[in-house]
Amino acid sequence: GAVCYIKESLRANQRLNDSTVMNSRERNSWKLEMTVKGESFPAVVYKKENSYRVVFDTSTQEIVDNFTLADSVIDTTINGNGIVVQLKERRTDGSLKLRYKGTALDVQVLPETAALVKNHMPVKAAVDTSRIILSPMPGVVRSIAVAVGDKVGEGQECAIVEAMKMQNSLASGITGTVKAIHVKEGDTVEEEEIMIEIE
């Protein structure tokens, strides 16, 4: 995971079709924090000519540099032993989804400076969408099948939104009473716009 993070950082500092790094002084070591299965630990990565050395508190790994981030299957050597890892997903927040020996792993890799402040960053609270019906995409409201005060059951159709000549039936996620309707037939709605509230 740490080497994939470094390769992505180096790739981001290159111009298209140019192998030179934009920064005038090329780095050859990085202090990182890795989180796997909820456990965080520091790592220092050193770039060598044909490999990377990853130093943890209790071990060191020498990883042969014979893969790119375009490879969905990474077949490389760590400390002289062959290893195959599937790179399932690279996310913009620096995290990776890897599969090793059939086990899916979410790996978060942060530079040391970001890791020091991550506990001070507010976590965005998840919005409870069970009591609201949102437009799944931009479109036009074709029909509203309920009125304020109506009792609705879970799975009951409440509205239809048309987008790209396809009609999307929007159903209630819970059993309850319609509290408010924020749109009418013919209205244009945006993606994730609140259409109907249920209590």
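On a predicted model such as this, the values are computed, not experimentally measured, just so you know.
- Separation of atoms CD (Glu191) and OG (Ser135) is listed at 7.5 Å; rounding is to 0.5 Å.
- For Glu62, the side chain to side chain contact (heavy atoms under 4.5 Å, CB included) test picks out Lys48, Ser51, Arg53, Asn79, with sequence neighbours left out.
- Glu33 pairs by the side chain to side chain contact (heavy atoms under 4.5 Å, CB included) definition with Thr35, Ser40, Ala115, Lys118, not counting sequence neighbours.
- Nearest approach of Ala171 to Gly155, heavy atoms of both residues: CB-O, 3.5 Å.
- Other members of a hydrophobic cluster containing Leu110 are absent, since no ILVMFWY side chain comes under 4.5 Å of it, directly or through relayed contacts.
- Here Glu197 pairs with Ile132, Lys179, Ala180, His182, Ile194 under the side chain to side chain contact (heavy atoms under 4.5 Å, CB included) rule; sequence neighbours left out.
- Scored by the salt bridge (charged side-chain N to carboxylate O under 4.0 Å, His left out) test, Asp65 finds Lys7 as partners (sequence neighbours excluded).
- Under the salt bridge (charged side-chain N to carboxylate O under 4.0 Å, His left out) criterion, Asp71 pairs with no residue at all, not counting sequence neighbours.
- When all heavy atoms are compared, the tightest approach of Ala159 to Ile144 is CB-CD1, 3.9 Å.
- Other members of the hydrophobic cluster containing Val55, listed by chain and number, are Val44, Tyr46; membership follows side-chain contacts under 4.5 Å among ILVMFWY residues, whether direct or relayed.
- Hydrophobic clustering (side-chain heavy atoms under 4.5 Å, transitive across Ile, Leu, Val, Met, Phe, Trp, Tyr) keeps Leu134 apart from Val140.
- Residues Cys158 and Val146 form a side-chain contact, since some pair of their non-hydrogen atoms from C-beta on lies under 4.5 Å apart.
- Cluster annotation: Val109 and Leu69 are assigned to the same hydrophobic cluster (Ile/Leu/Val/Met/Phe/Trp/Tyr, side-chain heavy-atom contacts under 4.5 Å, transitive).
- A donor-acceptor pair under 3.5 Å is absent between the side-chain atoms of Ser143 and the main chain of Ala145, judged by distance alone.
- In this view, Arg131 satisfies the salt bridge (charged side-chain N to carboxylate O under 4.0 Å, His left out) rule with no residue, not counting sequence neighbours.
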- Message: Could you go through Val107 and Met34, starting from their C-alpha distance and side-chain angles, then the distance that decides it, and tell me whether this counts as side-chain contact (heavy atoms from CB on, under 4.5 Å)?
- Response: CA-CA 7 Å; Val107 180; Met34 297 179 59; 4.0 Å; yes
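- Connection of Val45 to Val64 is not established within any shared hydrophobic cluster, with ILVMFWY side chains joined at heavy-atom distances below 4.5 Å, either directly or through further cluster members.
- One finds the SG atom of Cys4 at 9.5 Å from the OH atom of Tyr52 (value rounded to the nearest 0.5 Å).
- Taking the side chain as every heavy atom from C-beta outward, Val189 and Val161 approach each other to under 4.5 Å.
- Side-chain contact between Val73 and Val84 is present, with heavy atoms from C-beta onward closer than 4.5 Å.
- Residue pairs that meet the ring-ring contact (aromatic ring centres under 6.0 Å, His included) test with at least one member in residues 55-92, sequence neighbours left out, are Phe41-Phe56.
- Remark: Ile198 pairs with Ile133, Val152, Ser172, Ile174, Ile196 by the side chain to side chain contact (heavy atoms under 4.5 Å, CB included) rule, at least two apart or across chains.
- Separating the NZ atom in Lys31 from the CG atom in Leu116 is a distance of 10.0 Å, to the nearest 0.5 Å.
- Under the side-chain hydrogen bond (donor to acceptor under 3.5 Å, both in side chains) criterion, the residue pairs touching residues 97-107 are Arg91-Asp106, with sequence neighbours excluded.
- Ile78 and Val85 fall within a single hydrophobic cluster, where Ile, Leu, Val, Met, Phe, Trp and Tyr are joined by side-chain heavy atoms under 4.5 Å apart, directly or via other members.
- Residue pairs satisfying the salt bridge (charged side-chain N to carboxylate O under 4.0 Å, His left out) criterion with at least one member in residues 149-160, sequence neighbours excluded, are absent.
- With contacts defined as side-chain heavy-atom distances shorter than 4.5 Å, the pair Leu170/Ile160 does not qualify.
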- Query: Where do Met137 and Asn168 land on the side-chain contact (heavy atoms from CB on, under 4.5 Å) test, with the steps shown first?
  - Reply: CA-CA 9 Å; Met137 62 192 71; Asn168 300 285; 3.7 Å; yes
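- At least one side-chain heavy atom of Arg142 sits less than 4.5 Å from a side-chain heavy atom of Gln167.
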- Message: Set out, in order, the CA-CA distance, both residues' side-chain angles and the distance that settles side-chain contact (heavy atoms from CB on, under 4.5 Å) for Ile63 and Thr77, then state yes or no.
- Response: CA-CA 6 Å; Ile63 302 171; Thr77 304; over 6 Å; no
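- Paired with Val141 under the rule side chain to side chain contact (heavy atoms under 4.5 Å, CB included), one option of Met195, Lys184, Glu193 passes, and it is Met195.
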